[in-house]
Amino acid sequence: MNPPSHPSPAPPASDAPAPAPASLLARAGEVLRPALDLYLDLHAHPETSGREERTADRFARSLEAAGCAATRRVGGHGVVGVLRNGDGPRVWLRAELDALPIEERTGLPYASGNGAMHACGHDLHLAAATGAAGLLARLTDRWRGTLVVVGQPAEETLCGAEAMLGDGLYERFGRPDVVLAQHAAPLPAGTVAHAPERVPMAAAGAVLDVLLHGRGGHAATPHLAVDPVVAAASVVTRLQGVVARETAPADQVTLTVGTLRAGTAANVIPDEARLGIALRAANEASLERALSAVRRVVLAESAAAGAPREPEVMVASRSAALLCDPHHTASVRRAHAALLGAGRVLDWPGSMATEDFPLFGDAGAPGHGLHGVPLVYWMLGVVGAREWRRAAAGGPDAVPAPNHSPFFAPHIGSALRPAISALAAAAVDRFADR
(Lines give C-alpha, C1' and ligand atoms only; values in the text may rest on other atoms or scores of the structure.)
Protein backbone atom coordinates (compact mmCIF):
# COMPACT_ATOMS: atom_id res chain seq x y z
CA MET A 1 0.00 0.00 0.00
CA ASN A 2 1.17 3.55 -0.70
CA PRO A 3 -0.67 6.32 1.14
CA PRO A 4 -0.47 9.97 0.01
CA SER A 5 2.06 12.17 1.72
CA HIS A 6 -0.20 14.51 3.67
CA PRO A 7 -3.70 14.19 5.14
CA SER A 8 -5.09 17.30 6.75
CA PRO A 9 -4.72 18.82 9.20
CA ALA A 10 -1.65 17.41 10.96
CA PRO A 11 -0.43 18.76 14.29
CA PRO A 12 3.23 19.23 15.15
CA ALA A 13 4.92 16.01 16.18
CA SER A 14 6.69 15.23 19.39
CA ASP A 15 8.74 12.13 20.01
CA ALA A 16 6.72 11.35 23.14
CA PRO A 17 2.98 10.81 22.62
CA ALA A 18 0.50 12.62 24.84
CA PRO A 19 -0.27 10.90 28.16
CA ALA A 20 -3.23 8.55 27.91
CA PRO A 21 -6.08 8.70 30.44
CA ALA A 22 -6.14 4.91 30.17
CA SER A 23 -2.89 3.21 31.04
CA LEU A 24 -2.40 1.39 27.73
CA LEU A 25 0.37 3.68 26.53
CA ALA A 26 2.29 3.16 29.76
CA ARG A 27 1.56 -0.56 29.89
CA ALA A 28 2.78 -0.93 26.28
CA GLY A 29 6.26 -0.44 27.68
CA GLU A 30 6.00 -3.91 29.22
CA VAL A 31 5.92 -5.53 25.76
CA LEU A 32 8.07 -3.01 23.93
CA ARG A 33 11.37 -4.92 24.02
CA PRO A 34 10.15 -8.16 22.36
CA ALA A 35 8.16 -6.13 19.83
CA LEU A 36 11.23 -4.05 19.00
CA ASP A 37 13.38 -7.16 18.67
CA LEU A 38 10.88 -8.59 16.21
CA TYR A 39 10.76 -5.33 14.24
CA LEU A 40 14.54 -5.06 13.91
CA ASP A 41 14.84 -8.70 12.87
CA LEU A 42 12.08 -8.51 10.26
CA HIS A 43 13.34 -5.22 8.88
CA ALA A 44 16.80 -6.70 8.35
CA HIS A 45 15.44 -9.90 6.76
CA PRO A 46 12.52 -8.95 4.50
CA GLU A 47 10.82 -11.45 2.21
CA THR A 48 8.72 -10.61 -0.83
CA SER A 49 5.16 -11.73 -1.55
CA GLY A 50 4.71 -15.49 -1.50
CA ARG A 51 8.18 -16.09 -0.06
CA GLU A 52 7.54 -15.11 3.56
CA GLU A 53 8.54 -18.43 5.15
CA ARG A 54 11.08 -17.05 7.63
CA THR A 55 8.91 -14.02 8.43
CA ALA A 56 5.91 -16.24 9.10
CA ASP A 57 7.85 -18.51 11.42
CA ARG A 58 9.32 -15.57 13.32
CA PHE A 59 5.88 -13.98 13.65
CA ALA A 60 4.29 -17.25 14.80
CA ARG A 61 6.96 -17.75 17.46
CA SER A 62 6.43 -14.20 18.69
CA LEU A 63 2.69 -14.78 18.96
CA GLU A 64 3.31 -17.96 20.92
CA ALA A 65 5.65 -16.08 23.27
CA ALA A 66 2.86 -13.53 23.77
CA GLY A 67 0.47 -16.27 24.86
CA CYS A 68 -1.34 -17.16 21.62
CA ALA A 69 -1.85 -20.59 20.09
CA ALA A 70 -0.40 -20.18 16.58
CA THR A 71 -1.34 -22.02 13.40
CA ARG A 72 1.04 -21.84 10.45
CA ARG A 73 0.64 -22.22 6.67
CA VAL A 74 -2.91 -20.93 6.33
CA GLY A 75 -3.38 -19.97 2.69
CA GLY A 76 0.34 -20.19 1.95
CA HIS A 77 2.59 -18.67 4.59
CA GLY A 78 -0.32 -17.19 6.56
CA VAL A 79 -0.23 -17.31 10.37
CA VAL A 80 -3.18 -17.21 12.77
CA GLY A 81 -2.74 -16.69 16.51
CA VAL A 82 -5.62 -17.24 18.94
CA LEU A 83 -5.89 -15.96 22.51
CA ARG A 84 -9.04 -17.02 24.39
CA ASN A 85 -10.34 -15.20 27.44
CA GLY A 86 -13.83 -16.48 28.19
CA ASP A 87 -17.09 -15.77 26.41
CA GLY A 88 -17.41 -12.64 24.33
CA PRO A 89 -16.84 -11.16 20.88
CA ARG A 90 -14.28 -12.45 18.40
CA VAL A 91 -11.99 -9.51 17.61
CA TRP A 92 -9.48 -10.01 14.80
CA LEU A 93 -6.26 -8.07 14.21
CA ARG A 94 -4.62 -8.26 10.80
CA ALA A 95 -1.04 -7.48 9.80
CA GLU A 96 0.94 -8.26 6.63
CA LEU A 97 4.02 -10.46 6.22
CA ASP A 98 5.45 -9.40 2.86
CA ALA A 99 8.05 -6.87 1.79
CA LEU A 100 8.75 -5.20 -1.56
CA PRO A 101 11.42 -5.92 -4.21
CA ILE A 102 13.23 -2.63 -3.47
CA GLU A 103 16.90 -2.11 -2.63
CA GLU A 104 16.92 -0.30 0.72
CA ARG A 105 18.83 3.00 0.85
CA THR A 106 18.03 4.24 4.36
CA GLY A 107 21.55 3.71 5.73
CA LEU A 108 20.11 2.35 8.97
CA PRO A 109 22.33 -0.06 10.95
CA TYR A 110 19.57 -2.68 10.67
CA ALA A 111 18.85 -2.06 6.97
CA SER A 112 18.16 -4.95 4.67
CA GLY A 113 20.89 -6.08 2.33
CA ASN A 114 19.09 -8.81 0.42
CA GLY A 115 17.47 -6.76 -2.35
CA ALA A 116 14.07 -6.62 -0.66
CA MET A 117 12.77 -4.01 1.77
CA HIS A 118 9.97 -3.37 4.22
CA ALA A 119 9.23 -0.11 2.44
CA CYS A 120 5.56 -0.07 3.44
CA GLY A 121 5.82 -0.65 7.18
CA HIS A 122 4.64 -4.25 7.31
CA ASP A 123 7.42 -5.05 9.79
CA LEU A 124 6.01 -2.37 12.09
CA HIS A 125 2.49 -3.77 11.66
CA LEU A 126 3.67 -7.25 12.67
CA ALA A 127 5.61 -5.96 15.66
CA ALA A 128 2.61 -3.92 16.81
CA ALA A 129 0.28 -6.91 16.42
CA THR A 130 2.43 -9.19 18.57
CA GLY A 131 2.90 -6.37 21.05
CA ALA A 132 -0.85 -5.80 21.25
CA ALA A 133 -1.43 -9.54 21.76
CA GLY A 134 1.14 -9.59 24.55
CA LEU A 135 -0.39 -6.52 26.15
CA LEU A 136 -3.91 -7.96 26.01
CA ALA A 137 -2.61 -11.18 27.55
CA ARG A 138 -1.51 -9.05 30.53
CA LEU A 139 -4.84 -7.21 30.72
CA THR A 140 -7.31 -10.08 30.75
CA ASP A 141 -9.32 -8.34 33.45
CA ARG A 142 -10.24 -5.61 30.93
CA TRP A 143 -11.79 -7.75 28.19
CA ARG A 144 -13.64 -10.99 27.52
CA GLY A 145 -13.78 -12.92 24.28
CA THR A 146 -11.39 -14.34 21.68
CA LEU A 147 -8.54 -12.42 20.10
CA VAL A 148 -7.44 -13.64 16.68
CA VAL A 149 -4.22 -12.22 15.19
CA VAL A 150 -3.59 -12.77 11.48
CA GLY A 151 -0.26 -12.52 9.68
CA GLN A 152 -1.33 -12.29 6.04
CA PRO A 153 1.02 -13.10 3.16
CA ALA A 154 1.11 -11.46 -0.27
CA GLU A 155 -0.68 -8.21 0.46
CA GLU A 156 1.45 -6.29 -2.02
CA THR A 157 0.24 -8.56 -4.83
CA LEU A 158 -3.36 -8.40 -3.57
CA CYS A 159 -3.76 -12.17 -3.39
CA GLY A 160 -2.95 -13.17 0.20
CA ALA A 161 -6.34 -12.43 1.77
CA GLU A 162 -8.11 -14.45 -0.93
CA ALA A 163 -5.74 -17.36 -0.35
CA MET A 164 -6.34 -17.39 3.41
CA LEU A 165 -10.11 -17.16 3.00
CA GLY A 166 -9.97 -19.93 0.41
CA ASP A 167 -8.15 -22.08 2.96
CA GLY A 168 -11.15 -21.85 5.29
CA LEU A 169 -9.91 -18.97 7.45
CA TYR A 170 -13.28 -18.06 8.99
CA GLU A 171 -14.55 -21.63 9.07
CA ARG A 172 -11.46 -22.79 10.96
CA PHE A 173 -11.01 -19.87 13.36
CA GLY A 174 -14.53 -18.48 13.78
CA ARG A 175 -16.38 -15.67 12.07
CA PRO A 176 -15.14 -12.27 13.32
CA ASP A 177 -17.34 -9.74 15.05
CA VAL A 178 -14.93 -7.12 13.71
CA VAL A 179 -11.55 -7.08 11.92
CA LEU A 180 -9.08 -4.31 12.82
CA ALA A 181 -5.97 -3.18 10.95
CA GLN A 182 -3.63 -0.20 10.84
CA HIS A 183 -1.11 1.02 8.29
CA ALA A 184 2.06 3.08 8.53
CA ALA A 185 1.83 6.49 6.89
CA PRO A 186 4.04 9.60 6.64
CA LEU A 187 2.25 11.37 9.52
CA PRO A 188 3.68 12.51 12.85
CA ALA A 189 4.47 9.60 15.16
CA GLY A 190 1.90 9.41 17.93
CA THR A 191 -1.00 10.26 15.61
CA VAL A 192 -3.61 8.13 13.87
CA ALA A 193 -5.96 9.04 11.02
CA HIS A 194 -9.47 7.74 10.32
CA ALA A 195 -11.53 8.36 7.19
CA PRO A 196 -14.87 10.13 7.62
CA GLU A 197 -18.00 8.08 6.98
CA ARG A 198 -18.48 7.04 3.32
CA VAL A 199 -14.93 8.10 2.40
CA PRO A 200 -12.88 5.08 1.22
CA MET A 201 -9.64 4.55 3.13
CA ALA A 202 -8.14 3.03 -0.03
CA ALA A 203 -9.12 2.76 -3.68
CA ALA A 204 -10.37 -0.09 -5.79
CA GLY A 205 -7.52 -1.50 -7.85
CA ALA A 206 -6.36 -4.12 -10.29
CA VAL A 207 -3.03 -5.39 -11.55
CA LEU A 208 -2.88 -6.49 -15.18
CA ASP A 209 -0.35 -8.73 -16.89
CA VAL A 210 -0.27 -7.96 -20.63
CA LEU A 211 1.50 -10.16 -23.18
CA LEU A 212 2.04 -8.69 -26.65
CA HIS A 213 2.98 -11.14 -29.39
CA GLY A 214 5.37 -10.38 -32.23
CA ARG A 215 7.48 -12.24 -34.72
CA GLY A 216 11.14 -12.37 -33.83
CA GLY A 217 13.97 -11.63 -36.21
CA HIS A 218 17.26 -9.92 -36.93
CA ALA A 219 17.75 -6.24 -36.18
CA ALA A 220 19.18 -5.86 -39.71
CA THR A 221 15.93 -7.08 -41.31
CA PRO A 222 13.12 -5.52 -39.28
CA HIS A 223 10.77 -5.73 -42.27
CA LEU A 224 10.74 -9.51 -41.88
CA ALA A 225 9.68 -9.31 -38.24
CA VAL A 226 6.88 -7.84 -36.14
CA ASP A 227 8.43 -5.88 -33.31
CA PRO A 228 6.45 -6.24 -30.04
CA VAL A 229 8.70 -3.64 -28.37
CA VAL A 230 7.41 -0.93 -30.70
CA ALA A 231 3.85 -2.12 -30.04
CA ALA A 232 4.51 -2.04 -26.29
CA ALA A 233 5.89 1.51 -26.53
CA SER A 234 2.75 2.56 -28.41
CA VAL A 235 0.57 0.94 -25.76
CA VAL A 236 2.40 2.78 -22.97
CA THR A 237 2.02 6.11 -24.73
CA ARG A 238 -1.61 5.57 -25.70
CA LEU A 239 -2.61 4.43 -22.22
CA GLN A 240 -1.83 7.88 -20.84
CA GLY A 241 -4.98 9.09 -22.55
CA VAL A 242 -7.17 6.74 -20.50
CA VAL A 243 -6.83 9.05 -17.50
CA ALA A 244 -6.13 12.33 -19.33
CA ARG A 245 -8.91 12.06 -21.93
CA GLU A 246 -11.31 9.26 -21.01
CA THR A 247 -11.80 9.82 -17.29
CA ALA A 248 -14.09 12.53 -15.98
CA PRO A 249 -12.19 15.22 -14.07
CA ALA A 250 -14.33 14.53 -11.00
CA ASP A 251 -13.31 10.86 -11.01
CA GLN A 252 -10.14 9.66 -9.37
CA VAL A 253 -8.25 7.18 -11.55
CA THR A 254 -4.55 6.41 -11.82
CA LEU A 255 -2.82 4.16 -14.35
CA THR A 256 0.82 3.11 -14.05
CA VAL A 257 2.85 0.89 -16.34
CA GLY A 258 5.22 -0.40 -13.68
CA THR A 259 7.07 -3.01 -15.73
CA LEU A 260 8.00 -3.49 -19.40
CA ARG A 261 10.09 -6.53 -20.24
CA ALA A 262 11.23 -7.67 -23.66
CA GLY A 263 14.21 -9.05 -25.50
CA THR A 264 17.52 -10.68 -24.73
CA ALA A 265 19.97 -8.78 -26.98
CA ALA A 266 20.18 -5.43 -28.76
CA ASN A 267 20.43 -7.02 -32.21
CA VAL A 268 17.50 -9.43 -31.77
CA ILE A 269 13.86 -8.49 -32.31
CA PRO A 270 12.00 -10.54 -29.68
CA ASP A 271 8.88 -12.62 -30.06
CA GLU A 272 7.00 -10.97 -27.21
CA ALA A 273 6.84 -8.07 -24.78
CA ARG A 274 5.23 -8.04 -21.33
CA LEU A 275 3.68 -5.13 -19.45
CA GLY A 276 2.64 -4.88 -15.81
CA ILE A 277 -0.11 -2.30 -15.33
CA ALA A 278 -1.56 -1.00 -12.06
CA LEU A 279 -4.99 0.62 -12.12
CA ARG A 280 -6.58 2.50 -9.22
CA ALA A 281 -10.02 4.09 -9.02
CA ALA A 282 -12.20 5.59 -6.32
CA ASN A 283 -15.06 3.19 -7.09
CA GLU A 284 -15.85 -0.02 -8.93
CA ALA A 285 -17.61 1.65 -11.85
CA SER A 286 -14.62 3.87 -12.64
CA LEU A 287 -12.26 0.91 -12.30
CA GLU A 288 -14.34 -1.18 -14.71
CA ARG A 289 -14.37 1.62 -17.28
CA ALA A 290 -10.59 1.96 -17.05
CA LEU A 291 -10.10 -1.80 -17.40
CA SER A 292 -12.23 -1.82 -20.55
CA ALA A 293 -10.23 1.07 -21.97
CA VAL A 294 -6.92 -0.70 -21.31
CA ARG A 295 -8.13 -3.83 -23.07
CA ARG A 296 -9.31 -1.79 -26.05
CA VAL A 297 -6.01 0.07 -26.36
CA VAL A 298 -3.91 -3.08 -26.09
CA LEU A 299 -5.98 -4.90 -28.71
CA ALA A 300 -5.94 -1.95 -31.10
CA GLU A 301 -2.20 -1.27 -30.87
CA SER A 302 -1.43 -4.94 -31.31
CA ALA A 303 -3.60 -5.06 -34.44
CA ALA A 304 -2.02 -1.86 -35.76
CA ALA A 305 1.42 -3.45 -35.37
CA GLY A 306 0.36 -6.46 -37.42
CA ALA A 307 0.82 -8.91 -34.58
CA PRO A 308 0.49 -12.56 -35.60
CA ARG A 309 -2.08 -13.16 -32.85
CA GLU A 310 -4.12 -11.25 -30.33
CA PRO A 311 -2.51 -10.06 -27.11
CA GLU A 312 -3.32 -11.57 -23.74
CA VAL A 313 -4.68 -9.28 -21.03
CA MET A 314 -4.90 -11.03 -17.67
CA VAL A 315 -6.14 -9.61 -14.35
CA ALA A 316 -3.48 -10.83 -11.94
CA SER A 317 -5.26 -9.42 -8.88
CA ARG A 318 -8.12 -7.13 -8.01
CA SER A 319 -9.41 -5.46 -4.87
CA ALA A 320 -12.46 -3.43 -3.92
CA ALA A 321 -12.38 0.02 -2.37
CA LEU A 322 -11.90 -0.07 1.40
CA LEU A 323 -14.91 1.33 3.23
CA CYS A 324 -14.88 1.00 7.01
CA ASP A 325 -17.91 0.23 9.14
CA PRO A 326 -19.19 3.59 10.49
CA HIS A 327 -20.41 2.35 13.90
CA HIS A 328 -17.26 0.45 14.78
CA THR A 329 -14.99 3.16 13.34
CA ALA A 330 -16.67 5.90 15.38
CA SER A 331 -16.17 3.90 18.56
CA VAL A 332 -12.54 3.07 17.80
CA ARG A 333 -11.90 6.70 16.95
CA ARG A 334 -13.20 7.73 20.37
CA ALA A 335 -10.96 5.11 21.98
CA HIS A 336 -7.97 6.53 20.11
CA ALA A 337 -8.86 10.06 21.19
CA ALA A 338 -8.95 8.89 24.81
CA LEU A 339 -5.62 7.11 24.33
CA LEU A 340 -3.63 9.74 22.41
CA GLY A 341 -5.59 12.96 22.83
CA ALA A 342 -8.24 14.30 20.45
CA GLY A 343 -5.72 16.51 18.63
CA ARG A 344 -3.75 13.45 17.59
CA VAL A 345 -6.68 11.75 15.86
CA LEU A 346 -6.78 13.12 12.31
CA ASP A 347 -9.11 12.93 9.34
CA TRP A 348 -7.85 10.78 6.47
CA PRO A 349 -8.81 12.20 3.05
CA GLY A 350 -8.76 8.86 1.26
CA SER A 351 -6.02 7.43 -0.89
CA MET A 352 -5.41 5.90 -4.31
CA ALA A 353 -3.51 3.09 -2.63
CA THR A 354 -5.08 -0.36 -2.79
CA GLU A 355 -5.48 -3.11 -0.21
CA ASP A 356 -6.86 -6.64 -0.21
CA PHE A 357 -8.12 -6.04 3.34
CA PRO A 358 -11.68 -5.43 2.01
CA LEU A 359 -11.86 -9.17 1.28
CA PHE A 360 -12.01 -9.81 5.03
CA GLY A 361 -15.42 -8.09 4.93
CA ASP A 362 -18.24 -7.86 2.42
CA ALA A 363 -15.90 -7.72 -0.59
CA GLY A 364 -15.11 -11.37 0.12
CA ALA A 365 -18.77 -12.35 0.30
CA PRO A 366 -19.32 -13.54 -3.30
CA GLY A 367 -16.60 -16.15 -3.07
CA HIS A 368 -16.97 -17.17 0.56
CA GLY A 369 -20.57 -16.55 1.59
CA LEU A 370 -19.59 -13.80 4.01
CA HIS A 371 -21.84 -10.83 4.72
CA GLY A 372 -21.73 -8.19 7.38
CA VAL A 373 -18.21 -8.67 8.75
CA PRO A 374 -17.32 -5.10 9.80
CA LEU A 375 -13.88 -3.66 9.13
CA VAL A 376 -12.00 -0.85 10.89
CA TYR A 377 -8.77 0.49 9.42
CA TRP A 378 -6.71 3.53 10.29
CA MET A 379 -3.43 5.17 9.34
CA LEU A 380 -0.59 5.26 11.84
CA GLY A 381 1.95 8.09 12.02
CA VAL A 382 5.60 7.04 11.79
CA VAL A 383 7.54 10.29 11.22
CA GLY A 384 9.74 11.49 14.07
CA ALA A 385 9.52 15.02 15.48
CA ARG A 386 12.76 16.30 13.96
CA GLU A 387 11.90 15.07 10.48
CA TRP A 388 8.37 16.43 10.71
CA ARG A 389 9.60 19.88 11.77
CA ARG A 390 12.01 19.84 8.84
CA ALA A 391 9.12 18.95 6.52
CA ALA A 392 6.99 21.75 7.98
CA ALA A 393 9.79 24.23 7.26
CA GLY A 394 9.47 23.43 3.55
CA GLY A 395 11.91 22.77 0.74
CA PRO A 396 12.06 20.01 -1.89
CA ASP A 397 14.23 17.74 0.23
CA ALA A 398 12.21 18.20 3.41
CA VAL A 399 9.25 15.95 2.59
CA PRO A 400 9.32 12.68 4.56
CA ALA A 401 10.08 9.66 2.38
CA PRO A 402 6.75 8.10 1.35
CA ASN A 403 5.80 4.46 1.47
CA HIS A 404 7.44 2.37 -1.30
CA SER A 405 10.46 4.67 -1.32
CA PRO A 406 13.92 3.11 -0.83
CA PHE A 407 14.39 5.77 1.88
CA PHE A 408 11.18 4.98 3.82
CA ALA A 409 12.05 4.48 7.50
CA PRO A 410 9.61 4.75 10.41
CA HIS A 411 11.00 6.53 13.48
CA ILE A 412 10.68 3.37 15.46
CA GLY A 413 11.58 4.98 18.80
CA SER A 414 8.45 7.14 18.71
CA ALA A 415 6.16 5.04 16.48
CA LEU A 416 6.20 1.54 17.99
CA ARG A 417 4.65 2.24 21.40
CA PRO A 418 1.66 4.15 19.89
CA ALA A 419 1.31 1.42 17.26
CA ILE A 420 0.98 -1.25 19.95
CA SER A 421 -1.33 0.76 22.18
CA ALA A 422 -3.57 2.01 19.33
CA LEU A 423 -4.20 -1.57 18.23
CA ALA A 424 -4.72 -2.79 21.79
CA ALA A 425 -7.06 0.12 22.64
CA ALA A 426 -9.16 -0.57 19.55
CA ALA A 427 -9.40 -4.26 20.47
CA VAL A 428 -10.40 -3.55 24.09
CA ASP A 429 -13.02 -1.11 22.83
CA ARG A 430 -14.51 -3.68 20.45
CA PHE A 431 -14.50 -6.42 23.07
CA ALA A 432 -16.75 -4.13 25.11
CA ASP A 433 -19.29 -3.87 22.24
CA ARG A 434 -21.58 -6.73 23.22
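What you see is a predicted model; the values in this text were computed from it and never measured.
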Steps toward side-chain contact (heavy atoms from CB on, under 4.5 Å) verdict (Val82, Leu147)
CA-CA 6 Å; Val82 179; Leu147 178 73; over 6 Å; no
Show, in sequence, the C-alpha distance, side-chain angles and deciding distance for Arg58 and Leu42, and conclude whether the side-chain contact (heavy atoms from CB on, under 4.5 Å) test is met.
CA-CA 8 Å; Arg58 187 72 172 83; Leu42 296 182; 4.1 Å; yes
Where do Val192 and Leu346 land on the side-chain contact (heavy atoms from CB on, under 4.5 Å) test, with the steps shown first?
CA-CA 6 Å; Val192 296; Leu346 315 177; over 6 Å; no
Could you walk me through whether Arg289 and Ser286 pass the side-chain hydrogen bond (donor to acceptor under 3.5 Å, both in side chains) test, one step at a time?
CA-CA 5 Å; Arg289 285 193 295 270; Ser286 295; 3.1 Å; yes
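The CG atom of Leu239 sits 8.0 Å away from atom CG of Leu275, with the distance rounded to the nearest 0.5 Å. The OG atom of Ser319 sits 9.5 Å away from atom CG of Leu287, with the distance rounded to the nearest 0.5 Å. Note that the CD atom of Glu30 and the CG atom of Leu135 stand 7.0 Å from one another [nearest 0.5 Å]. Taken to the nearest 0.5 Å, the NE2 atom of His77 stands 10.0 Å off from the CZ atom of Arg51. A distance of 5.5 Å separates CG of Leu208 from CG of Leu291, quoted to the nearest 0.5 Å. Between the OG1 atom of Thr146 and the CG atom of Asp87 there is a distance of 8.0 Å, given to the nearest 0.5 Å.
The main-chain N or O of Ala353 is found under 3.5 Å from a side-chain atom of Ser351 such that the two form a donor-acceptor pair. Under the 3.5 Å distance criterion, the side-chain polar atoms of Arg144 are matched with a main-chain donor or acceptor of Thr140. The backbone N or O of Val91 lies less than 3.5 Å from no partner atom in the side chain of Asp177, so there is not a single donor-acceptor pair. Using modelled atom types, one side-chain atom of Asn114 and one backbone atom of Pro46 make a donor-acceptor pair closer than 3.5 Å. Side-chain N or O atoms of Glu52 include one that pairs as donor or acceptor with a backbone N or O of Gly50 at under 3.5 Å. In this structure a side-chain-to-backbone donor-acceptor pair under 3.5 Å is present from Asp167 to Gly75.
The closest side-chain donor-acceptor pair between Asp356 and Gln152 falls under 3.5 angstrom. In the model, Glu47 has a side-chain atom that pairs as donor or acceptor with a side-chain atom of Thr55 under 3.5 Å. No donor-acceptor contact under 3.5 angstrom links the side chains of Ser292 and Arg296, judged on distance only. Defined by atom type and a distance below 3.5 Å, a donor-acceptor pair is present between the side-chain atoms of Arg430 and Ser331.
Contact check for Val178 versus Pro89: no side-chain heavy atoms found under the 4.5 Å cut-off. Side-chain contact between Val373 and Phe360 is absent, with no heavy-atom pair separated by less than 4.5 Å. A 4.5 Å side-chain heavy-atom check between Leu180 and Arg94 finds every atom pair outside the cut-off. In this structure, the side chains of Thr157 and Val207 stay at 4.5 Å or more apart for every pair of heavy atoms. When side chains are defined from C-beta on, Pro228 does not count as touching His213, because their heavy atoms never get closer than 4.5 Å. The side-chain heavy atoms of Arg54 and His45, taken from C-beta on, include a pair separated by under 4.5 Å.
Between Tyr170 and Trp92, a ring centre-to-centre spacing shorter than 6.0 Å is recorded.
Ion pairing between Glu272 and Arg309 fails under the 4.0 Å rule for side-chain N and carboxylate O. For Arg318 and Glu284, the salt-bridge test passes: some basic side-chain N is under 4.0 Å from an acidic carboxylate O. A salt bridge between Asp347 and Arg333 is present, with a side-chain N of the basic residue lying under 4.0 Å from a carboxylate O of the acidic one. Salt bridge absent: Asp209 and Arg274 never bring a charged side-chain N and a carboxylate O closer than 4.0 Å.
The two residues Met201 and Trp348 make their nearest non-hydrogen contact at O-NE1, 3.3 Å.
The aromatic rings of His194 and Trp378 sit tilted, their planes meeting at an angle between 30° and 60°. Ring pair Phe357/Tyr377 is tilted by interplanar angle, where 30° to 60° counts as tilted.
Applying the ring-ring contact (aromatic ring centres under 6.0 Å, His included) test to pairs two or more places apart or on separate chains, those with a residue in residues 123-161 are His122-His125, His125-His183, Trp143-Phe431.
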